Every structure is written in structure tokens, then in C-alpha cells.
Protein chains: 2
Amino acid sequence: MRDPDTFESQQTLLVVDDEQDILDLVSTNLRRVGFTVVTASDGIEALEVAQKMKPDLIVLDLMLPGKDGFAVIKELRQDSKMRRIPVLMLTAKGEVSDKIAGLEIGADDYLTKPFSPRELTLRIRAILKRSSHVLSESSLEKENFRIERDSMRFYLKGKQIDLTSTEFKLLRLLLEADDRVQEREHLLREVWGYNDSTMTRTLDTHVKRLREKLGDFADCIQTVRGVGYRFSAR
Amino acid sequence: MRDPDTFESQQTLLVVDDEQDILDLVSTNLRRVGFTVVTASDGIEALEVAQKMKPDLIVLDLMLPGKDGFAVIKELRQDSKMRRIPVLMLTAKGEVSDKIAGLEIGADDYLTKPFSPRELTLRIRAILKRSSHVLSESSLEKENFRIERDSMRFYLKGKQIDLTSTEFKLLRLLLEADDRVQEREHLLREVWGYNDSTMTRTLDTHVKRLREKLGDFADCIQTVRGVGYRFSAR
DNA sequence: ACCGATTGTGACAATATTGTGACGGAACTT
DNA sequence: AAGTTCCGTCACAATATTGTCACAATCGGT
């Protein structure tokens with residue numbers, strides 16, 4: 001009898017690294033624990049494969065010939081089809097800067113080389129669990145909040161509340177972020193498509209409107225001054 | 001059959017000493033227990049090799065021709081790529097001064113000659129274990145302190161404490177440094193982006209504000225006169 | 001014990017950031 | 001066409017954060 005946790009529809013991982021031995025090592029290990037693994041050895045290839053295969057997760061080395069990990073993530077996040085694919089970033093020792101530590105680059109997690117295969121699979125499982133829960137189901141429920149992605153409806157304490165489409169997008173992002181701070185720039189990019197991040201106050205205004213509609217729960221949208229907003233359900 | 005946890009991409013050590021026999025002894029021993037070892041016999045060479053190889057740890061003799069161990073560490077800590085590489089300092093009997101004892105020089109540990117190979121590998125393992133864990137997880141817990149990088153929340157004895165973003169950055173750096181002294185210049189560069197390190201007292205002020213918020217635990221932020229600050233949790 | 005350098009401290013002013021209400025235009029409905 | 005909804009901007013208010021300064025306290029060295 002199989003452990004129910006491993007009894008999952010096979011999940012596909014894309015592993016991207018330019019060092020062949022690491023690629024081999026990682027993929028054999030991941031296959032051994034039940035994943036389907038495809039590989040790529042540079043950024044361009046990675047993007048192509050990602051587009052074609054729609055992997056459930058990408059393991060991405062930061063240092064790549066041609067297009068580095070940052071660039072790959074950036075393009076990934078700009079494509080609506082691939083935006084949701086979680087990324088686990090691999091970094092060499094010296095590359096660990098604050099940017100990475102803060103996960104400001106858009107990766108979902110990162111791992112410093114050298115790492116043990118066990119650690120890698122643990123991380124992958126954690127991300128997949130989190131994101132399958134959060135992202136793939138059509139409705140997302142959290143405490144008193146509930147969002148139905150398909151119908152674009154929002155419920156607070158079971159009661160439906162009308163949101164405009166922008167409000168909905170914004171609240172959805174905040175909810176999906178699950179207590180992580182979402183930077184202003186990020187929200188502006190995701191909801192409005194603003195890439196320049198210049199002066200606009202529309203985010204503030206919409207947050208205000210959302211808070212109004214949340215009533216007693218207005219404080220669930222917390223502002224992190226100088227950074228962005230964070231949603232903490234209750 | 002190998003233990004899966006030891007099945008990791010090989011870790012590289014850089015051993016620096018000007019005495020050839022010690023170099024040989026140490027490296028053969030370290031290779032025997034599974035490390036990749038590269039060597040250098042003076043400070044200049046050490047820095048070059050470190051830059052090129054990005055070793056996972058440097059074993060550094062204090063007494064070196066040309067540039068001594070202190071100088072090497074100092075330069076190391078100034079380079080953003082190499083800043084995080086842990087250093088194990090080797091010292092001869094008489095050289096153990098207060099500076100070394102307090103590890104105020106930026107080393108992660110030190111060992112007095114003569115030492116047994118076994119002791120050396122134990123120390124190395126300890127340092128590597130410590131430093132690989134500190135940065136790789138999204139939340140960092142240490143005694144009564146806990147920092148969640150994603151949500152930018154800080155907890156003391158389980159209770160959440162509000163920090164401004166600057167305070168958060170500062171505390172995070174101190175916590176991540178894990179008992180190592182962080183030089184003023186370094187903190188100013190990392191948190192504020194100041195490169196000139198001229199006269200500003202804002203670091204002092206922020207440390208004070210942090211201490212206020214830490215209450216009883218204010219003394220965990222220790223000042224090292226003329227050098228910087230050190231965080232030692234309890 | 002004294003001196004100079006360094007750090008702690010409290011107050012303050014400047015600045016940066018966000019909240020808020022109102023407004024006008026655009027898009028959509030009726 | 002009139003009414004409605006939604007959206008982004010603006011001006012202004014309300015806050016929160018930050019850096020500096022003057023002065024006190026402390027430390028290290030002699």
C-alpha cells in the first residue's frame with residue numbers, strides 16, 4: 001500500500017542548470033522520489049521548455065550562460081501562462097545577497113549550494129503543497145475569507161461582497177500571498193501592468209476602497225511602510 | 001549504500017598557510033574525509049583563489065608573508081561576493097590575543113596550533129552546518145528570537161513586535177551574522193547603502209531604537225567598541 | 001585618575017509615505 | 001441621452017519614519 005502522500009498525479013519538474021553533473025545528480029534524485037523531470041541547461045532553453053511543458057515547478061540555477069536566473073524569472077512572470085509556476089532558485093555560496101534572502105526576485109524559495117538531495121525534495125514538496133493549495137484550486141479559503149477565482153466572487157464570513165474587477169485582482173493577490181509582504185511595485189505590475197513603478201497613487205486608493213468593503217476586517221490589509229502591503233486573514 | 005544526506009555536491013575548502021608541511025598535512029586529511037581542497041601560501045594568492053573558486057570555507061593561518069590573516073579577512077569582508085564565506089583562523093600558541101578570542105576580526109572560529117586533524121574537521125563541519133542553515137530558510141529562529149523574512153515580522157518570546165523596515169533589515173543582518181561582529185561600515189553599506197562610511201550616527205540611533213523594542217533583551221545587541229555590533233541571542 | 005574617542009540618549013525637525021474625500025472622465029447600462 | 005459604475009488623479013491631512021544634533025555616559029589606554 002502506498003503512502004497517500006506519494007500517490008499524486010505525477011508532477012513535472014523542470015531543472016535548469018549549466019553544470020551537467022549537478023543536472024544529473026538532481027534529476028536522478030528527483031526521479032527516484034517520483035517526479036517527472038525535464039532539464040534545460042540555459043535560460044533560453046528553459047523558457048522554451050517551460051512554455052511547452054508547463055511544469056509544476058522550476059528548479060532554476062541563478063548562474064546561467066546567456067540569460068541568468070533573474071532574467072528567466074522576470075520573463076516567466078511576464079507571461080500570463082507561466083506566471084503561476086513556482087520557482088526554486090539555486091544559488092552558489094557567494095551569490096546570496098539580500099535580494100535573494102528577501103525573495104524579492106520573485107522566486108518562491110531558494111537553496112544554497114551545496115545542498116543535500118533530501119533538502120531539495122523537502123523544499124520542492126513544501127512549495128508544491130503550498131502552491132497547489134493556494135493557486136490551483138478554483139476557490140481559496142482562508143479563515144473568514146473566501147475567493148472564487150472562476151466566478152470572481154468574494155465572500156467574507158460567508159456573505160458575498162461585490163468587488164470590482166480591479167479590487168478582486170488586488171485582493172486575490174494579497175490573499176494568495178498568504179501573509180507575505182507584497183511590494184508596491186509588485187502589486188502595481190501584477191494588477192495594473194505598470195512596469196515603471198513611477199508615481200501613482202491608485203494602489204493606495206484601491207486599498208482604501210477594499211478596506212471600506214472589508215468593514216471590521218479592514219485591518220487584515222496591513223501596510224508595511226516603505227515596502228508594500230500584507231494580508232493576514234482572521 | 002551511502003547515506004543520502006552525505007550525497008551532496010562536494011564542498012570546497014581553501015586552506016592558506018605558508019608552511020608547506022602543514023598545508024600538506026591538513027589538505028590530505030581534509031580530502032580523506034571528503035572535501036575538495038585547494039591551497040594558497042600567502043595572502044595575495046589566497047584572495048585570488050577565493051575570488052575564483054568561491055570556496056565554502058577558508059582555513060586561514062594568521063601568520064602569512066605579505067598580507068597577514070587579519071588583512072585577508074578584512075578584504076574578504078569588503079567584497080560582496082565573498083563576504084559570507086566563513087573563515088576558520090589558525091593561530092600559533094603565542095598569537096592568541098583578545099582580538100582573536102573575541103572573534104572581533106571577523107573569523108567564524110579559530111584553532112590554536114598544534115591541533116589534531118580530527119578537531120579541525122569537527123570545527124569545519126560545525127561552521128559549515130551553521131552557515132548553511134542560517135540563510136536558507138524563510139524564517140530564522142534563534143533562542144527567543146524569530147524573524148520571518150517573507151512577512152517581515154519579528155517575534156520575541158513568541159510575541160510579535162512591530163519594526164520599521166530599516167529596523168527589520170538591521171536586526172535581520174545582525175541575527176543572520178549569528179554572533180559574528182558586524183562592522184559599522186558593513187552595516188551602513190548593507191542597510192543604508194552608504195559607501196563612504198563617513199560621519200553619520202544613524203546606525204547608533206537605530207541600534208538604540210532596536211534595543212528599546214527588545215526590552216529586557218536589549219543586551220543581546222552588544223557593541224564592540226571601534227568595530228561594530230554583535231548579536232548574541234538568548 | 002585623566003583624556004580623547006566612541007557610543008548612548010532624548011528631543012527635534014525634516015521628510016517620506018500613506019489615508020482620505022472629492023472630482024471628472026471613461027465605459028457601460030438602461 | 002441620462003444615469004450608473006468604475007477608475008485614476010489630485011490636494012490635503014494624518015502619520016510614521018528617519019537622520020542629526022547636543023549633551024551625557026562610558027570605555028580604553030596611559
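Letters go in sequence order (proteins before strands), and every chain restarts at 1. Given the structure is predicted, the values throughout are model-derived calculations rather than measurements.
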Engineer: Quick one: which residue pairs count as a salt bridge (charged side-chain N to carboxylate O under 4.0 Å, His left out) with a foot in residues 212-224 of chain B, not counting sequence neighbours?
Structural biologist: E167(B)-K213(B), K208(B)-E212(B), D219(B)-R234(B)
Engineer: Scan residues 220-231 of chain A for pairs that pass salt bridge (charged side-chain N to carboxylate O under 4.0 Å, His left out), counting only residues two or more places apart or in two chains.
Structural biologist: none
Engineer: My understanding is that only residues two or more places apart in sequence, or in another chain, count here; which of them pass side chain to side chain contact (heavy atoms under 4.5 Å, CB included) with E75(A)?
Structural biologist: L47(A), K67(A)
Engineer: Taking side chain to side chain contact (heavy atoms under 4.5 Å, CB included) as the definition, give me every residue that meets it alongside Q51(A), ordered by chain and number, with sequence neighbours left out.
Structural biologist: D79(A), M82(A)
Engineer: Output the distance between atom CG (L174(A)) and atom CD (Q182(A)), rounded to the nearest 0.5 Å.
Structural biologist: 6.5 Å
Engineer: For the backbone of T202(B) and the side chain of H206(B), can you confirm whether one donor and one acceptor N or O come within less than 3.5 Å of each other?
Structural biologist: yes
Engineer: Specify the separation, in whole Å, of atom CZ of R225(B) and atom P of dA5(C).
Structural biologist: 12 Å
Engineer: Taking the inter-plane angle between the rings of F145(A) and F231(A) on a 0 to 90° scale, is it parallel (under 30°), tilted (30 to 60°) or perpendicular (over 60°)?
Structural biologist: perpendicular
Engineer: Do V15(B) and L30(B) come close enough that some side-chain heavy atom pair is under 4.5 Å?
Structural biologist: yes
Engineer: To 10°, what angle do the rotation axes through the five end pairs on each side of the helix from dA1(C)-dT30(D) to dT30(C)-dA1(D) form?
Structural biologist: 30°
Engineer: Under the salt bridge (charged side-chain N to carboxylate O under 4.0 Å, His left out) definition, can you give me all pairs with a residue in residues 152-165 of chain B, not counting sequence neighbours?
Structural biologist: D179(A)-R153(B)
Engineer: Would you tell me if any nitrogen or oxygen in the side chain of R201(B) comes within less than 4.0 Å of OP1 or OP2 on dT9(C)?
Structural biologist: no
Engineer: Can you tell me if D56(B) uses its side chain to pair, donor with acceptor, with the backbone of T12(B) under 3.5 Å?
Structural biologist: yes
Engineer: Give, for atom CG of L163(A) and atom CG of L170(A), the distance between the pair rounded to the nearest 0.5 Å.
Structural biologist: 9.5 Å
Engineer: With a 4.0 Å cut-off on heavy atoms, is T202(A) in touch with a base, just the backbone sugar-phosphate, or nothing at all?
Structural biologist: base
Engineer: Pull out every residue in residues 203-220 of chain B that has a heavy atom closer than 4.0 Å to any atom of DNA chain D, ordered by number, or say none.
Structural biologist: T205(B), H206(B), R209(B)
Engineer: Show your reasoning for whether side-chain hydrogen bond (donor to acceptor under 3.5 Å, both in side chains) applies to S232(B) and Q222(B).
Structural biologist: CA-CA 7 Å; S232(B) 98; Q222(B) 300 165 350; 3.3 Å; yes
Engineer: For E143(B), check side chain to side chain contact (heavy atoms under 4.5 Å, CB included) against everything at least two apart and list the hits.
Structural biologist: A233(B)
Engineer: Measure CD/Q182(B) against C1'/dT7(C) and give the value in whole Å, please.
Structural biologist: 18 Å
Engineer: For the side chain of R180(A) and the backbone of A177(A), is there at least one donor-acceptor N/O pair under 3.5 Å apart?
Structural biologist: yes
Engineer: Might you list the N or O atoms of the protein lying below 3.5 Å from N or O atoms in nucleotides 27-30 of chain C, with each pair's distance?
Structural biologist:
none

Engineer: Going by side chain to side chain contact (heavy atoms under 4.5 Å, CB included), name the residues that satisfy it together with R172(A), two or more places apart in sequence or in a different chain.
Structural biologist: R84(A), I147(A), R149(A), F168(A), E176(A)
Engineer: Check the interface with nucleotides 24-26 of chain C: list each N/O to N/O pair with the protein under 3.5 Å, or write none.
Structural biologist:
none

Engineer: Taking any atom under 4.0 angstrom from a heavy atom of chain B, which nucleotides of DNA chain D are the first and last to qualify, 5' to 3'?
Structural biologist: dT17(D) to dC27(D)
